[in-house]
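Here's the structure we're looking at; comments come further down.
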Amino acid sequence: MQNGVVDELTDDRSAQRALTAAHLYYVQDRTMEAIARELKTSRSTVSRLLAHARATGIVDIRIRSPFEGPQLLAERIAELHDVVAHVVPVPDDASEVDRLERVSVAAAHLMGELVRPDMTVGVAWGSTTAAISRRLTPKAVHGTTFVQLNGSGNTHSTGLLYASEILGRFAAAYGGSAQQFPVPAFFDDPRTKEAMWRERSTRRILELHAAMDLVVFSTGSAGSRVPSHVYSGGYLEARDLSALEAQAVVGDVATVFYRADGSSDRIALNERATGPRLDLLRRVPRRLCVVSGVTKLASLRGALAARIATDIVVDEATARALVEEPAPSPVME
């Protein structure tokens, strides 16, 4: 790449030039050759300016299909579950890794619309939010705080690096601050949790949780083909898994577990969990749940029954299964 081209994409005028090129191309329907002449540059530089405009969020491309498929599925899910649904087209024969990648890209794009100045945004750690964090489009947002939803330590490691990398990517993408939650995912004894929750340093994070404007999470599932990190990362012992099965648990959000009807009461592990209670989550104005793969269908249904999502991003196959199978009646606690 020539020095002049590099300068055009990296100096202080790059955003303005990218904006001008994007307006000429997408709004005025000018050709790249015509834009190159007007900007007194090369066609290849115009192409790079347009790519820069898309990558930095200056240009927001949306596709609305009048045909059957994702749009009709999204409308049906909205009718059934009273959520805003975003259905991502994914071939049925796609691998689970590719499916997660496509859903994460769509969720990352949506995050750019949802994040606003002076927000407090809760972020759950896990395989899905990790994938989303790697696909965020940079956007300068003043005064936004990103707070870790639940602790990440276990008997094998502190978990801080894993959780902090996810949280750090969100904060870096939007120019915000990151607030970690340096406690275990699960305490050994509920009384230890009660004592820790009285500490001022812990209360500061809990107060941020209570003030959240937006939260982003996925649902955990023991049977997911892309393993949920809470199940694959050494957080649960065999006796914990047996207890969850005995209590008919279908999934979790930020290490707080629930049943198919959305109830979470009398699940012993929740008394030791450090994630926010489901009733607290329900008070957050916008709650983005991102799910990839039909093996998470039961956990997604449980989350919808619990009313802990206002918006969902889901792949097409899972969306079809969601509308085809009857949902359990929700039980509100």
Donor-acceptor under 3.5 Å (K139 side chain, G112 main chain): yes

Close side-chain approach of L136 to Y174, heavy-atom, < 4.5 Å: yes

Exercise: identify the closest heavy-atom pair between A21 and L39: CB-CD1, 4.2 Å

Atom OH of Y25 with >12 non-hydrogen neighbours under 6.0 angstrom: no

Pair R76 + E79, salt bridge at N-O below 4.0 Å: yes

V121 side chain reached by M212 side chain, heavy atoms, under 4.5 Å: no

Under 3.5 Å: donor-acceptor pair, side chain of R116, backbone of E113: yes

Pair S44-S47, side chain to side chain donor-acceptor pair (under 3.5 Å): steps then yes or no: CA-CA 5 Å; S44 62; S47 178; over 6 Å; no

Test item: R287 side-chain N/O and R307 main-chain N/O as donor-acceptor pair under 3.5 Å: yes

Audit row: R99, E96, salt bridge (charged side-chain N to carboxylate O under 4.0 Å, His left out) steps and yes/no: CA-CA 5 Å; R99 190 179 304 276; E96 293 303 312; 3.8 Å; yes

Nearest non-hydrogen partners of R282 and A306, listed with the distance: NH1-O, 2.7 Å

Any side-chain heavy-atom pair of E316 and V88 under 4.5 Å: no

Linked, directly or transitively: V105 and V216 (ILVMFWY side chains, under 4.5 Å): no

Non-hydrogen atoms of A309 and V83 that approach each other most closely: O-CG1, 3.3 Å

Heavy atoms from other residues, nucleotides or ligands near CG of D118 exceed 12 (cutoff 6.0 Å): yes

Trace of the side chain to side chain contact (heavy atoms under 4.5 Å, CB included) decision for V323 with I77: CA-CA 6 Å; V323 301; I77 292 170; 3.5 Å; yes

Nearest atoms (heavy-atom pairs only) where I166 meets T129: CG2-O, 3.9 Å

Donor-acceptor contact present, side-chain T20 to main-chain Q16, <3.5 Å: yes

Beyond-backbone contact of V249 with Y258, side-chain heavy atoms, under 4.5 angstrom: no

Straight-line distance of T41 OG1 to R37 CZ, nearest 0.5 Å: 13.0 Å

Verdict with reasoning, S299 to T219, per side chain to side chain donor-acceptor pair (under 3.5 Å): CA-CA 6 Å; S299 66; T219 61; 2.8 Å; yes

Straight-line distance of F181 CZ to L167 CG, nearest 0.5 Å: 12.5 Å

Contact list for residues 114-144, test ring pair (Phe, Tyr, Trp, His ring centres under 6.0 Å), sequence neighbours left out: W125-H229, W125-Y235

V123 and Q148, any side-chain heavy atoms less than 4.5 Å apart: no

Sub-4.5 Å side-chain heavy-atom contact between P285 and M119: no

Chi angles and distances behind the side chain to side chain donor-acceptor pair (under 3.5 Å) call for K296, S218: CA-CA 10 Å; K296 279 194 170 185; S218 185; 3.1 Å; yes

Y162 side chain vs A130 backbone, donor-acceptor pair below 3.5 Å: no

Check: I35 main-chain N/O paired with R30 side-chain donor or acceptor under 3.5 Å: no

Under 3.5 Å donor-acceptor, D213 side chain and T120 backbone: yes

Hphob cluster co-occupancy, V84 + L73, side-chain heavy atoms under 4.5 angstrom: no

Verdict with reasoning, L244 to L236, per side chain to side chain contact (heavy atoms under 4.5 Å, CB included): CA-CA 10 Å; L244 293 175; L236 298 173; 4.2 Å; yes

Residue pair V314 / V103, side-chain heavy-atom distance below 4.5 Å: no

Nearest heavy atoms of A163 and S152, plus distance in Å: CB-OG, 3.7 Å

Any donor-acceptor N/O pair, T274 side chain to P184 backbone, under 3.5 Å: yes

Considering all heavy atoms, the nearest V250-A260 contact: CG2-N, 3.7 Å

Ion pair check, D311 and R286, cut-off under 4.0 Å: yes

Side chain to side chain contact (heavy atoms under 4.5 Å, CB included) between E245 and L241, worked out: CA-CA 6 Å; E245 184 177 0; L241 294 171; over 6 Å; no

Rounded distance (nearest 0.5 Å) linking atom OG1 of T255 with atom CG of N150: 4.0 Å

Note: R204-E207 ion pair, threshold 4.0 Å (strictly below): no

CA sep, side-chain torsions, deciding dist, call: C289, L300, side chain to side chain contact (heavy atoms under 4.5 Å, CB included): CA-CA 9 Å; C289 177; L300 173 59; 4.2 Å; yes

Gap between atom NE2 of H86 and atom NE2 of H109 - 0.5 Å precision: 10.0 Å

Backbone N/O of E237 and side chain of D240: donor-acceptor pair under 3.5 Å: yes

Side chains of L278 and V256 in contact at under 4.5 Å (non-hydrogen atoms): yes

CG on D188 to OG1 on T192, rounded to 0.5 Å: 7.0 Å

Carboxylate-amine/guanidinium contact R259 D265, below 4.0 Å: yes

R277 with D279: basic N within carboxylate O range, under 4.0 Å: yes

Under-4.0 Å salt bridge between R320 and D315: no

CZ on R203 to NE2 on H209, rounded to 0.5 Å: 15.0 Å

